[in-house]
Amino acid sequence: MDREKLKSLTENSVIDKLYVEEEVTSTNDVAKSMSREGFKGRALIVSELQTKGRGRLGRNWSSPAGTGIWMSLLDTDTENLVNIPGITLLAGLAVAEVLNSLSGEECARIKWPNDVVINGKKVCGILTELISSGTESTVIIGIGINASMDEFPEELKDKATSVFLEIGQKPEREKILTGVVTKLTEYISAYKITGSLGFAMDRYHSLMVNKGKEVILSSANGDFYDNPYIATGIDEEGNLLVEDKSGTVHTVQSGEISVRGVLGYV
Ligand code: BT5
């Protein structure tokens, strides 16, 4: 990552601090340490390689060197942040919009709650974490975007893709990163002011890949519900709305449930 090409982020006060690293365990871990050491403000940590990239629920995030955008945005100004899952949705929206403006088409879609997909495969995953100590808290938004890899390890082949494989150009990672961080910080400001996702709802719904589709819900402890449901959209807090066979609408929170399509991942 070329630090020079990212300097507009600090010059335009989108962020207060920029850390460009060669190798870290996880950019979210670096952000956590900074928060514990008393950092105040908004910082971006980006690394060429993560040796222990993390997904949700302790899952692994493959983060090979030089081919992806592995980043965390840390924000200690959380007083007016009503709802952390909403931030994940805004991050997905920002990534999908930036990838679509790069490709000139609406090919990138959001799979609620934390994936961005192109042609049914995952190009980006998001891990939002909240660190609290006493009355202070910090939100850490970890975003992984597969940028220029031309192949994936066996276990990810069917599920993962990259901007290069789908859009056909080796993207300038700094350009995507600058676009995503600029958009995301604007969205977070709007979210803090309005206290709701209302301002982003129409755009979110137009890019939501599972809207109007049959979905299968499953919980972490293996309980299954009355599947399949129809995903009808999100509410202003970012919960998923699903309709069961009798037409009753249920509200699903992101922490408690996995969602997949009837025929597979999407
Ligand atoms: C996620 O978790 O999708 C969140 C991923 C967040 C990664 C970023 S990178 C910067 C920051 N630092 C971190 O340590 N993490 C964040 P989840 O929904 O649990 O999905 C994880 C699953 O995605 C894995 O179990 C694999 O099946 C799959 N996977 C792993 N690596 C992938 C990759 N590079 N591309 C696509 N899918 C991947």
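Every number for a ligand or one of its atoms is a count from 1 in the order of the listing.
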Q.
Does any part of the side chain of V242, heavy atoms only, come nearer than 4.5 Å to the side chain of L217, both counted from C-beta?
A. yes
**Q.** R42/D77 salt bridge by N-O under 4.0 Å criterion
**A.** no
Q: Any salt bridge (charged side-chain N to carboxylate O under 4.0 Å, His left out) involving residues 111-120? Give me the pairs, sequence neighbours left out, ordered by first then second residue.
A: D115-K122
Ligand-protein N/O pairs under 3.5 Å (ligand 1):
| from | atom 1 | to | atom 2 | distance (Å) |
| --- | --- | --- | --- | --- |
| ligand 1 | 2 (O) | R56 | N | 3.2 |
| ligand 1 | 3 (O) | K122 | NZ | 2.7 |
| ligand 1 | 12 (N) | T27 | OG1 | 3.2 |
| ligand 1 | 12 (N) | Q50 | OE1 | 2.8 |
| ligand 1 | 14 (O) | S26 | OG | 2.7 |
| ligand 1 | 14 (O) | R54 | N | 2.7 |
| ligand 1 | 15 (N) | R54 | O | 2.8 |
| ligand 1 | 18 (O) | R56 | NE | 3.2 |
| ligand 1 | 18 (O) | R56 | NH2 | 3.3 |
| ligand 1 | 18 (O) | N114 | ND2 | 3.2 |
| ligand 1 | 18 (O) | K122 | NZ | 3.4 |
| ligand 1 | 19 (O) | R56 | N | 2.9 |
| ligand 1 | 19 (O) | R59 | NE | 2.7 |
| ligand 1 | 19 (O) | R59 | NH2 | 3.0 |
| ligand 1 | 20 (O) | K122 | NZ | 3.1 |
| ligand 1 | 27 (O) | K159 | NZ | 3.4 |
| ligand 1 | 31 (N) | S62 | N | 2.9 |
| ligand 1 | 34 (N) | S62 | O | 3.0 |
| ligand 1 | 34 (N) | N146 | OD1 | 3.1 |
| ligand 1 | 35 (N) | N146 | ND2 | 2.8 |

(Q) Tell me which pairs pass side chain to side chain donor-acceptor pair (under 3.5 Å) where either residue lies in residues 136-151, with sequence neighbours left out. (A) S35-T138, K40-E136, T78-S137
Q: Identify whether the distance between the nearest side-chain nitrogen and carboxylate oxygen of K157 and E154 falls below 4.0 Å.
A: yes
Q. What residue pairs, at least two apart or across chains, pass side chain to side chain donor-acceptor pair (under 3.5 Å) with a residue in residues 164-178?
A. E48-R173, N119-E166, T161-E166
